[in-house]
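First comes the structure, then the notes that go with it.
This chain uses plain numbering: 1 for the first residue, then up along the sequence. Remember, it's 1-based here, ligands and their atoms both numbered in the order they're listed.
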Amino acid sequence: MGRNYRAHARELGNEPPAEPLLFWKPPSSLLRPGGTVELPPTDVSARVDQEAEIALVIGRRARHVAPADALAHVFGVTLAFDITARDLQKKNDQWTRAKGMDGFCPVGPLVVAGLDPQSLTFSCPVRGATRQQGDARDMIFSPAELVAYASRFFTLEPGDLLLTGTPEGVAPLEPGDDLELECGQIGVLRAS
Ligand code: ZN
């Protein structure tokens, strides 16, 4: 989901969306915890940003579900980076290329069941400084609204991941950066 936190939409000069903004990351973008994000050559992209996000793991097939029933279709919650080639995102109306490259979706380390996804806070330090600090209560569209909305267009299958958007503080990565995404109830997702 794009632009699901007001302050992040505004930091890139965008208005918060009137309805959820869906995009797609292919399975080949998944990266195991501790994996290395391969930055594209600079003639392909000169700016690759981290986006720290809470991710929902679907547990039961969801099609046309109501918001009140949506979280019953979620198995658990995990952490993910929506790695984004920002310059390619600006070049293309749709974001598949900018956000869908191999390894652009580090995810993990655990899937935790029984959590209220909107109760979570998380932080992302890079080079020793906290870049992003998220509070899921600041989402424009709640996790239940996101699942219900997406299920109107695509059948969500067990194992599907929904990334719920990033708070403000996105910034370029440099070769050799270590990424961490910390959430007390889930653990620490590391990538490099
Ligand atoms: Zn994102």
Item to check | Residue E38 excluded, over 12 heavy atoms near CD under 6.0 Å | outcome: no

Checklist entry - What pairs meet the salt bridge (Lys or Arg N to Asp or Glu O under 4.0 Å) rule with one or both residues in residues 135-144, with sequence neighbours excluded? => result D135-R137

Checklist entry - Please walk me through it: do L88 and M101 pass side-chain contact (heavy atoms from CB on, under 4.5 Å)? => result CA-CA 11 Å; L88 296 187; M101 286 192 231; 3.6 Å; yes

Checklist entry - For the hydrophobic clusters of this structure (ILVMFWY residues joined by side-chain heavy atoms under 4.5 Å, transitively), does one cluster hold both V57 and V188? => result no

Checklist entry - Between R131 and E180, does at least one N-O distance fall below 4.0 Å, as a salt bridge requires? => result no

Checklist entry - In terms of side-chain heavy atoms, does T84 have a donor or acceptor partner in D49 at a distance below 3.5 Å? => result no

Item to check | Sphere of radius 2.8 Å around the Zn ion (ligand 1) - protein N, O or S atoms inside | outcome: E51 OE1, E53 OE2, D82 OD2

